[in-house]
Colleague: 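The structure under discussion is supplied below as C-alpha cells; questions concerning it will follow.
The figures here come from the full heavy-atom set of this structure, side chains too, leaving out hydrogens, waters and symmetry mates.
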Amino acid sequence: MRLMGAGAPEGVTRTVKDDILTWANLVTLIRLMGLPLFAWLAIGPGETAAALWVLVAIAATDWVDGYLARRLDQVSVIGTAMDPVADRLMIFTVALVLAINGIAPWWVLVGIVVPDLILGTFALVKFHGNPRIAATRLGKIRTALLMIGLPVMMLTRAFDAIGSWVDTVALVIVVVGLIGHWVVGSHYLRVMIRMPAPSPAPGPTAP
C-alpha cells in the first residue's frame, strides 16, 4: 500500500482545479481548527494526554486530505497552497507548545522557525507570495519525521508507564527531522534564487 500519493489511480493524470468547497479542503480546514484546541489543552488545563490525542487526530488528517483530493479528483489550487501551510503551522504550534511546557528545548523551535522565516521572507519579497515550488520526497520525509518526533516527546508526560528512553528516541527523530528541514530549506532557497521573478502586471492603457 502506498503512503505517499495514495488514492491516485494508476495511469490517471489529474488536473489542478479552482474549486474551493471540496471534501479535501474541508479536512485541511478541520486540521487548522484543531490546533488552537491542542494548544489550549496542553498549556491551559495541562491535559497533556487529551492534547496528545487531539494532535494524533490532527496529524491523521494530513494523510486523509491528500488521499481524498487524489481519490475524488479534488486537487485544487487552494488545497495545494493550504496543505503545506497547515503542515508548517502544525509543526510550529507543537514545537512552541512543547517549548513553553518545558518538554522540548527552545533550540528545537528556533531550528524549525529560522528556515521557514528565511524562505517566507524571500518568497514574499521576490515573488510577492508562494512561488509554488514542487515538494520533494526529502521534504515529505522531513515533515513526517517532525510530525512523529514532536508528539512522541509528549508520551512520557501523558502516560506515566512510558519509559524515559522514549524521550531520547523522540529527540533523535526530531534532530534528524531538523537536519532534513535545513537541507530541504537550502534546496528550496537555491531554487527560488534561480527562478525568475514574476513580470509586473501591465498598467492601464492610455486612452
Colleague: By the definition side chain to side chain contact (heavy atoms under 4.5 Å, CB included), identify the one residue from Val172, Ile173, Ile179 that meets it with Val175.
Modeller: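 Testing each of Val172, Ile173, Ile179 against Val175, the sole residue satisfying side chain to side chain contact (heavy atoms under 4.5 Å, CB included) is Ile179.
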Colleague: Is it the case that more than 12 heavy atoms not belonging to Trp165 sit under 6.0 Å from its CH2 atom?
Modeller: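 Open: at most 12 neighbouring heavy atoms sit under 6.0 Å from CH2 of Trp165.
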Colleague: Rounded to the nearest 0.5 Å, how far apart are CG of Leu32 and OG1 of Thr28?
Modeller: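 Interatomic distance, Leu32 CG to Thr28 OG1, rounded to 0.5 Å: 7.5 Å.
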Colleague: Quick one: pull up CE in Met195 and CZ in Phe127 and give me the separation to the nearest 0.5 Å.
Modeller: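 Here the interatomic distance stands at 4.5 Å.
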Colleague: Look only at the side chain of Trp182 and the backbone of Gly111, and say whether a donor-acceptor pair between them is shorter than 3.5 Å.
Modeller: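 Looks like yes, one N/O pair under 3.5 Å.
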Colleague: Measure across Ala51 and Leu41 and return the closest heavy-atom pair with its distance rounded to 0.1 Å.
Modeller: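 Closest approach of Ala51 to Leu41: CB-CB, 3.8 Å.
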Colleague: How about Leu37 and Ile58: do any of their side-chain heavy atoms sit closer than 4.5 Å?
Modeller: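 A side-chain contact under 4.5 Å is absent here.
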Colleague: Are Leu124 and Val113 co-members of a hydrophobic cluster defined by side-chain heavy atoms under 4.5 Å apart?
Modeller: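 As far as the 4.5 Å side-chain criterion goes, Leu124 and Val113 are not connected within one cluster.
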Colleague: Under 4.5 Å between side-chain heavy atoms, hopping through other hydrophobics if needed: is there a path connecting Val97 to Trp107?
Modeller: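 As far as the 4.5 Å side-chain criterion goes, Trp107 and Val97 are connected within one cluster.
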Colleague: Does anything in residues 85-105 form a side chain to side chain donor-acceptor pair (under 3.5 Å)? List the pairs, not counting sequence neighbours.
Modeller: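 Of all non-adjacent pairs touching residues 85-105, those that pass side chain to side chain donor-acceptor pair (under 3.5 Å) are Arg31-Asp87, Arg88-Asp116.
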Colleague: Does Leu29 belong to the same Ile/Leu/Val/Met/Phe/Trp/Tyr cluster as Phe92, with side-chain heavy atoms less than 4.5 Å apart forming each link?
Modeller: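 Not linked; separate clusters.
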Colleague: So does Trp40 have more than 12 non-hydrogen atoms from other groups sitting under 6.0 Å from CH2?
Modeller: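 No - once you tally the heavy atoms of other residues, nucleotides and ligands closer than 6.0 Å, there are 12 at most.
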Colleague: First locate atom CG of Leu98, then atom CG of Leu55, and finally report the distance between them rounded to the nearest 0.5 Å.
Modeller: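 Spacing of CG (Leu98) from CG (Leu55) equals 8.5 Å.
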Colleague: Please round to the nearest 0.5 Å and tell me the distance separating atom CD1 of Ile112 and atom CG of Leu117.
Modeller: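 That separation rounds to 13.5 Å.
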Colleague: Any side-chain to backbone donor/acceptor pair from Thr121 onto Ile118? Under 3.5 Å, distance only.
Modeller: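 No.
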Colleague: With no hydrogens and no angle check, is any side-chain donor or acceptor of Lys126 less than 3.5 Å from a backbone partner on Ile193?
Modeller: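 Answer holds: yes.
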Colleague: Hey, could you give me the CD1/CG distance between Ile30 and Leu35, rounded to the nearest 0.5 Å?
Modeller: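 One gets 12.5 Å once the value is rounded to the nearest 0.5 Å.
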Colleague: Would you give the length of the straight line joining atom CE of Met153 to atom CG of Asp167, rounded to the nearest 0.5 angstrom?
Modeller: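 One gets 7.5 Å once the value is rounded to the nearest 0.5 Å.
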